[in-house]
Amino acid sequence: MATDTVTEVFEEHRPVLMGVAYRMLGRVADAEDVVQEAWLRWSGGDRSDVREPRAYLVRVTTRLALDRLRQARARNEAYVGPWLPEPYVTDYGDAVPDTAERAVLADSVSLAVLVVLESLSPLERAVFVLREAFGYPYAEIAVTLDRSEPAVRQLAGRARRRVEERRPRYEVDPVERRDLTERFLAAATEGDLEGLMSLLAPDVRLIGDSGGLAPAPVRVIESADKVGRFLGGVMRKGVSDATFRFLEVNGGPAFLVLSGDKPDSVFQLDVADGRIQCVYIIRNPQKLLSLAVD
């Protein structure tokens with residue numbers, strides 16, 4: 001296989017490999033490292049017996065991600081405060097024209113689902129990602145993970161039950177979510193606490209992730225009163241030289257807060273029935289590096 005063809009084949013499948021690795025790890029930098037390692041094995045290895053490059057590359061990427069995931073588990077045990085995935089900019093554009101497929105991909109990469117996936121074992125997570133997000137047959141997953149097909153089916157069933165038990169119980173309306181995100185930002189920037197409170201569901205939750213490297217709640221805040229009071233304090237303090245930028249993160253609308261040209265935080269909302277159900281705030285500077293403004 002010519003060098004240019006080797007590169008072209010890999011680049012054709014890179015988005016899928018990145019998608020698998022990120023859903024497995026919840027970290028953009030780690031996912032990129034895994035995909036780079038997959039490239040090195042692809043470009044430098046013996047490809048003479050590779051009949052299906054996509055299947056081969058997904059298999060290599062999944063196994064590399066599993067190894068890294070097991071290492072990350074020990075690291076996350078010492079994490080300060082709540083843990084959230086690193087924000088991942090998702091804009092499928094024309095690459096995913098089908099609405100149903102787009103919805104599946106967006107849901108499988110959402111912050112809410114990725115947080116739930118943290119409760120799965122590494123093997124359960126791998127099976128769930130390959131089956132639920134990418135629709136791989138059980139037989140192919142079995143080969144990828146070097147497990148029997150019945151064992152993979154058992155892992156898939158257990159993972160699916162755990163995710164369904166813990167994931168949010170509401171449907172996401174993209175238009176409503178974007179509208180509430182814009183109204184939330186407008187109320188916050190105008191210091192309109194009353195307007196902000198009117199957007200919150202009574203049992204709203206706020207999850208802040210700083211890893212102990214920036215000011216953020218060290219516990220999940222629950223109820224409209226407590227979340228409102230916290231957000232009111234954030235509004236009063238403000239961010240020096242703040243600007244805001246809308247972007248699509250993890251399959252849904254979000255906004256990036258910049259202090260000067262430096263990322264300060266990312267806000268994303270889960271909404272249902274016209275109210276905000278959960279506020280995610282990511283402030284760990286290490287998780288905002290991929291959002292830095294050039």
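Because the structure is predicted, anything quoted here is derived from the model rather than measured.
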Flag yes if [X] and [Y] sit in one hydrophobic cluster, no otherwise; membership is Ile, Leu, Val, Met, Phe, Trp, Tyr, and two members link when side-chain heavy atoms are under 4.5 Å apart.
X	Y	result
Val220	Leu111	yes
Phe246	Val279	yes
Leu289	Leu247	no
Leu40	Val6	yes

Just jot down the salt bridge (Lys or Arg N to Asp or Glu O under 4.0 Å) partners of [X], sequence neighbours excluded, or say none.
X	result
Glu32	none
Arg178	Glu182
Glu164	Arg167

Rounded at 0.5 Å granularity, tell me how far [atom1] in [X] sits from [atom2] in [Y].
X	Y	atom1	atom2	value
Leu69	Arg27	CG	CZ	10.5 Å
Phe134	Glu140	CZ	CD	12.5 Å
Trp83	Ser210	CH2	OG	14.5 Å
Thr181	Gln268	OG1	CD	7.5 Å
Leu206	Cys278	CG	SG	7.0 Å
Ile141	Leu123	CD1	CG	11.5 Å

Does [X] reach the side chain of [Y], with side-chain heavy atoms less than 4.5 Å apart?
X	Y	result
Arg47	Pro53	no
Phe230	Pro217	yes
Trp39	Thr7	yes
Leu193	Met235	yes
Phe267	Leu185	no

Could you work out, with side-chain contact (heavy atoms from CB on, under 4.5 Å) as the rule, every residue matching [X], not counting sequence neighbours?
X	answer
Glu124	Leu120, Ser121, Leu155, Arg158, Ala159, Arg162
Ala156	Val127, Tyr138, Arg160
Ala242	Val239, Phe244
Thr243	Leu258

* Asked: Please walk me through it: do Leu130 and Met24 pass side-chain contact (heavy atoms from CB on, under 4.5 Å)?
  -> CA-CA 9 Å; Leu130 293 175; Met24 287 282 295; over 6 Å; no
[X]: partners by side chain to side chain donor-acceptor pair (under 3.5 Å), with sequence neighbours left out:
X	result
Asp67	none
Glu37	Arg41
Arg166	Ser119

* Evaluate the criterion side-chain contact (heavy atoms from CB on, under 4.5 Å) for residue pair Val9 and Trp42; output intermediate values, then yes/no. => CA-CA 10 Å; Val9 169; Trp42 168 252; 3.7 Å; yes
With a 3.5 Å distance limit and no angle check, can you tell me whether [X] reaches the backbone of [Y] through a side-chain donor-acceptor pair?
X	Y	answer
Glu149	Ala142	no
Arg68	Leu64	no
Arg23	Leu114	no
Gln277	Ala201	no
Asp30	Leu25	no
Asn284	Gln286	yes
Tyr22	Glu86	yes
Lys287	Gly211	no
Arg283	Asp209	no

* Asked: Could you walk me through whether Asp179 and Val175 pass the side-chain contact (heavy atoms from CB on, under 4.5 Å) check?
  -> CA-CA 6 Å; Asp179 176 63; Val175 175; 5.5 Å; no
Of the non-hydrogen atoms in [X] and [Y], which two are nearest, and what is the gap between them?
X	Y	value
Ala21	Thr61	CB-CG2, 4.1 Å
Pro122	Arg70	CG-CG, 3.9 Å
Leu291	Pro87	CD1-CG, 4.0 Å
Val266	Leu256	CG2-CD1, 3.8 Å
Ala188	Leu196	N-CD1, 4.4 Å
Gly251	Val109	N-CG1, 3.9 Å

* Not counting sequence neighbours, list each pair that qualifies as a side-chain hydrogen bond (donor to acceptor under 3.5 Å, both in side chains) and has a residue in residues 215-225. => Asp225-Arg229
* Asked: Is the count of non-hydrogen atoms from other residues, nucleotides or ligands lying under 6.0 Å from Glu11 atom CD greater than 12?
  -> yes
* Could you give all pairs that pass the salt bridge (Lys or Arg N to Asp or Glu O under 4.0 Å) test and reach residues 192-203, with sequence neighbours left out? -> none
* Asked: Asn250 and Tyr280: side-chain donor and acceptor closer than 3.5 Å?
  -> no
* To do: Let me see the working for Tyr136 and Val58 under side-chain contact (heavy atoms from CB on, under 4.5 Å), right down to the final yes or no.
  => CA-CA 10 Å; Tyr136 280 92; Val58 168; 3.2 Å; yes
